[in-house]
Amino acid sequence: MSEAAVKTNAAADAEERELTDGFNLIIDALKLNGLNTIYGVPGIPITDFGRMAQAAGIRVLSFRHEQNAGYAASIAGFLTKKPGVCLTVSAPGFLNGLTALAHATTNCFPMILISGSSEREIVDLQQGDYEEMDQLAIAKPLCKAAFRVLHAADIGIGLARAIRAAVSGRPGGVYLDLPAKLFGQVMDAEAGKKSLVKVIDAAPAQIPSPESIKRALDVLKSAKKPLIILGKGAAYAQADDAIRQFVEKSGIPFLPMSMAKGLLPDTHAQCAGAARSTVLKDSDVVMLIGARLNWLLSHGKGKSWGDAPKKFIQIDIEPKEMDSNVEIVAPVVGDIGSCVNALLSGMGNWPAAPADWVGAVKAKRDDNVAKMAPRLMNNNVPMDYHGALGVLRTIVKERPDAILVNEGANTLDLARGIIDIYQPRKRIDVGTWGIMGIGMGYAIASAVETGKPVLCVEGDSAFGFSGMEVETICRYNLPVCIVIFNNDGIYRGTDVNSSGSSDPAPTVFVKGSRYDKMIEAFGGVGVNATSPDELKRAVNAAMDSGKPTLINAVLDPAAGSESGRIGNLNPQSKLKKK
Ligand code: ADP
Ligand code: TZD
Ligand code: MG
């Protein structure tokens with residue numbers, strides 16, 4: 001046969017064989033594993049990938065900034081127990097997404113950041129490719145695992161590894177590096193199909209040892225003043241019924257961490273939310289369920305925990321979490337569903353919780369709630385936090401299935417305490433880092449993943465970090481109502497520049513800003529609310545209509561305090577000039 005004839009035969013063969021490529025294999029691998037939503041920002045080298053994914057039935061939500069897309073993916077992971085997927089371009093897009101990946105890891109949310117990258121040969125020789133960066137190396141210390149796929153035939157395995165790493169054990173963020181060349185790599189379609197992996201049992205149950213369960217129950221039974229603390233790991237676990245049964249059977253007061261609110265309603269007879277300082281100080285045995293003894297719990301020691309000796313029981317999937325801050329006398333390592341069910345089975349005829357303790361906690365709580373009540377009914381103009389939050393508290397009570405997103409300083413701390421939550425995973429907020437900027441990303445993912453209405457309660461500063469995504473909310477016509485607590489600045493709007501120059505002080509913004517006008521630019525509903533009554537009307541109208549709405553709630557600029565409730569963490573100079 002002549003050389004020309006051989007070539008023609010080979011071409012004919014190739015034509016007959018069905019082919020696939022990197023683009024299609026990534027899409028097929030995602031779909032095979034039930035990852036049907038992508039949050040991202042398009043550009044080289046992933047523009048066509050986004051289009052093709054959309055055409056193939058994946059929901060592709062295009063954001064204005066990768067950080068917001070990343071936060072959306074991270075909370076999608078929290079809400080669904082499947083890794084949220086964020087897709088970015090190389091170097092700058094990747095870096096923008098990286099904050100969210102680190103955030104996901106810190107908060108124990110499963111997420112996969114997929115970034116396109118430039119050519120390895122050029123990156124490794126540092127020859128200056130378009131958006132050149134050694135992304136894999138940079139991602140590694142900031143996430144739970146990081147992988148790169150170089151060959152189309154490895155896409156299936158690469159994604160399987162990413163999914164397992166994200167959701168198994170303690171969940172976290174995973175980086176998946178996809179160089180531009182991979183997308184166009186062609187291979188035989190049949191072989192491609194075979195190379196895909198449907199991950200079986202991605203987060204296997206981790207059964208606690210029977211001894212650890214017995215030890216924990218013995219310690220708990222010995223307590224005179226027991227306390228259960230529920231953390232966002234317990235909310236993530238989706239073992240809602242078992243947790244409720246366990247808490248109720250034990251009769252022990254429980255304290256929900258911010259994002260664990262609603263696992264049992266905040267109005268539950270055993271809820272000690274409004275008696276927080278009392279129960280931390282006076283308890284003698286504390287059982288942590290999916291909550292770490294980090295700064296949010298004052299590391300389990302010091303003034304807020306009082307002088308009385310305490311014993312800690314901790315349930316967590318991560319063995320290394322035990323003894324991280326104080327001694328854990330009864331570590332229970334396993335997934336929360338398995339652990340709590342094992343506790344329930346071992347409880348037998350559980351004695352009633354000590355009545356004097358339960359009574360004392362309830363009395364303190366009822367007293368605090370009663371003291372707060374009149375402040376929440378005030379109709380002051382300009383509004384203060386309590387007047388505005390009193391209104392929102394009632395609205396959430398009447399609409400318990402709405403998801404509340406919350407960020408800010410005073411806006412966060414006061415809303416967390418005042419707005420009762422009635423169902424699991426209905427309150428999402430700044431999390432472990434106390435981060436500003438989660439607002440719009442969280443709102444978008446909540447609406448997309450759950451189909452429920454979303455209420456965002458945002459400080460004016462907090463909102464600014466993700467504010468441009470109101471266009472995204474309008475574009476996808478999501479049922480999101482944003483309320484901005486506008487006090488003209490960070491903590492307060494009253495700071496003055498003591499230098500005598502005309503610059504404003506670092507913590508204040510333009511006075512009398514009208515954030516409501518922002519959403520009007522994109523066809524959403526904007527409302528300026530100056531009193532609790534106006535606020536109430538506007539929020540109810542937004543929640544009824546489901547239309548994207550932004551309410552500028554005009555607050556007294558002097559109403560807040562420096563750093564909200566965590567002013568004690570804020571170093572302040574005693575030498576500063578007045
Ligand atoms: P919070 O901020 O609400 O106090 P943290 O984020 O500090 O909560 O703690 C959550 C804990 O829950 C982490 O230590 C994490 O390992 C753990 N966790 C997450 N998911 C599970 C699960 N399914 N089973 C057991 N523990 C879990
Ligand atoms: N940047 C990031 C990413 N996270 C942060 N937490 C901060 C900066 C610092 N910071 C806070 O801790 S709260 C806050 C900032 C900038 C804003 C508080 O102002 P606000 O809320 O308007 O959102 P209030 O109601 O005025 O207190
Ligand atoms: Mg403010």
Side-chain angles (χ1 to χ4, degrees), residues 67 71 77-78 81 99 103 105-110 167-172 203 205-206 208 229-239 243 255-261 263 288-297 314-322 324 332-340 384-385 388-389 406-415 427-439 457-466 484-494 506-509 513 553 555-557 559-567 569-570:
Q67 191 177 97
Y71 287 145
F78 170 76
K81 289 186 97 173
T99 313
H103 163 82
T105 307
T106 297
N107 283 275
C108 316
F109 301 158
V167 297
S168 62
R170 170 182 278 176
Q206 284 184 226
I229 297 183
L230 301 170
K232 61 180 171 306
Y236 172 79
Q238 295 193 15
I243 290 172
L255 183 66
M257 299 300 285
S258 189
M259 282 175 59
K261 278 162 70 84
L263 266 173
L288 300 152
I289 307 184
R292 286 171 286 187
L293 280 176
N294 57 16
W295 70 279
L296 287 158
L297 283 169
Q314 184 161 27
I315 302 180
D316 206 288
I317 202 156
E318 174 59 67
K320 291 202 297 285
E321 188 56 39
M322 307 300 158
S324 58
V332 181
V333 175
D335 73 272
I336 284 168
S338 301
C339 294
V340 173
D384 57 27
Y385 286 93
L389 286 168
N406 189 200
E407 61 178 336
N410 294 280
T411 305
L412 175 90
D413 293 341
L414 293 166
R427 183 193 152 84
I428 49 183
D429 64 29
V430 300
T432 303
W433 266 343
I435 207 167
M436 300 296 115
I438 48 87
V457 181
E458 302 270 317
D460 51 340
S461 165
F463 171 73
F465 287 75
S466 68
I484 297 186
F485 276 21
N486 187 358
N487 62 348
D488 294 343
I490 299 175
Y491 315 134
R492 298 164 74 90
T494 51
T507 56
V508 301
F509 298 149
S513 296
L555 255 66
D556 181 352
S561 54
E562 176 102 352
S563 301
R565 291 268 166 96
I566 53 173
L569 301 180
N570 194 17

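Just follow the structure's listing: the first ligand is 1, and inside any ligand the first atom is 1.
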Using a 4.0 Å cutoff against the non-hydrogen atoms of A462, which atoms of ligand 2 qualify? 23 (O)
Taking 4.0 angstrom as the limit and counting only heavy atoms of T411, give me the atoms of ligand 2 inside it, by number and element. 21 (O), 24 (P), 25 (O)
Below 30° counts as parallel, above 60° as perpendicular, anything between as tilted: where do the rings of Y71 and H103 land? perpendicular
Do the side chains of E321 and R170 get close enough for a salt bridge, i.e. N-O under 4.0 angstrom? yes
Give a yes or no answer on whether the side chain of [X] reaches the backbone of [Y] with a donor-acceptor pair at less than 3.5 Å.
| X | Y | value |
| --- | --- | --- |
| Q314 | A291 | yes |
| D556 | D384 | no |
| Q67 | T99 | no |
| W295 | W433 | no |
| N487 | G493 | no |
| K81 | A237 | yes |

Is there a side-chain contact between [X] and [Y] in this structure, where contact means two heavy atoms from C-beta onward sitting under 4.5 Å apart?
| X | Y | answer |
| --- | --- | --- |
| D488 | V508 | no |
| F485 | L389 | yes |
| L297 | R292 | no |
| Y236 | P171 | yes |
| I336 | Q238 | no |
| S513 | N486 | yes |

Should [X] be listed as contacting ligand 2, given a heavy-atom distance under 4.0 Å as the test?
| X | answer |
| --- | --- |
| Y385 | yes |
| G560 | no |
| F463 | no |
| G489 | yes |
| F485 | no |

Give me the residue, atom name and distance of the protein heavy atom closest to [atom].
| atom | value |
| --- | --- |
| atom 21 (O) of ligand 2 | A409 N, 3.2 Å |
| atom 24 (N) of ligand 1 | I336 N, 2.9 Å |
| atom 16 (O) of ligand 1 | D316 OD1, 2.6 Å |
| atom 19 (C) of ligand 1 | G233 CA, 3.7 Å |
| atom 22 (O) of ligand 2 | D460 OD1, 2.5 Å |
| atom 26 (N) of ligand 1 | I317 N, 3.1 Å |

For ligand 1, which part of N294 has a heavy atom less than 4.0 Å away: the side chain, the backbone, both, or neither? side chain
At under 4.0 Å between heavy atoms, which part of K232 makes contact with ligand 1: side chain, backbone, both or neither? both
Sub-3.5 Å N/O-N/O distance, I490 and ligand 2: no
Any N or O of N487 closer than 3.5 Å to N or O of ligand 2: yes
Pick whichever of [options] has a heavy atom sitting closest to [atom].
| atom | options | answer |
| --- | --- | --- |
| atom 4 (N) of ligand 2 | E458, M436, Q67 | M436 |
| atom 23 (N) of ligand 1 | G337, G169, A237, G172 | A237 |
| atom 19 (O) of ligand 2 | G434, S561, S461 | S461 |
| atom 20 (N) of ligand 1 | Y236, F109, F78 | Y236 |
| atom 9 (O) of ligand 1 | G290, S258, G231 | G290 |

Assess, by modelled atom type and distance only, whether the side chains of R427 and S258 contain a donor and an acceptor separated by less than 3.5 Å. yes
Listing by chain and number, which protein N, O or S atoms are under 2.8 Å from the Mg ion (ligand 3)? D460 OD1, N487 OD1, G489 O
Part of F465 within contact of ligand 2 (heavy atoms, under 4.0 Å): side chain
How does N410 reach ligand 2, by side chain, by backbone, by both or by neither, if only non-hydrogen atoms under 4.0 Å count? both
With D429, the side chain to side chain contact (heavy atoms under 4.5 Å, CB included) member among V457, N406, I435: N406
Let me know which of L230, D316, V332, I229 forms a side chain to side chain contact (heavy atoms under 4.5 Å, CB included) with L288. I229
Begin from the C-alpha positions of I490 and F509 and carry the test side-chain contact (heavy atoms from CB on, under 4.5 Å) through to its verdict. CA-CA 8 Å; I490 299 175; F509 298 149; 3.8 Å; yes
Quick check: closest heavy atoms across [X] and [Y], and the distance to 0.1 Å?
| X | Y | value |
| --- | --- | --- |
| S466 | E407 | OG-OE2, 4.4 Å |
| A234 | L263 | CB-CD1, 3.7 Å |
| M259 | F109 | CE-CZ, 3.8 Å |

Show me which atoms of ligand 1 lie under 4.0 Å from any heavy atom of [X].
| X | value |
| --- | --- |
| R170 | 13 (C), 14 (O), 15 (C), 16 (O) |
| M257 | 3 (O), 4 (O) |
| G334 | 24 (N), 25 (C) |

Does the protein place any heavy atom closer than 4.0 Å to atom 17 (C) of ligand 2? yes
With the threshold set at under 4.0 angstrom, would you say C108 reaches ligand 1 through any of its heavy atoms? yes
Compute the shortest N/O to N/O distance between R292 and ligand 1 and return yes if it is under 3.5 Å, no if not. yes
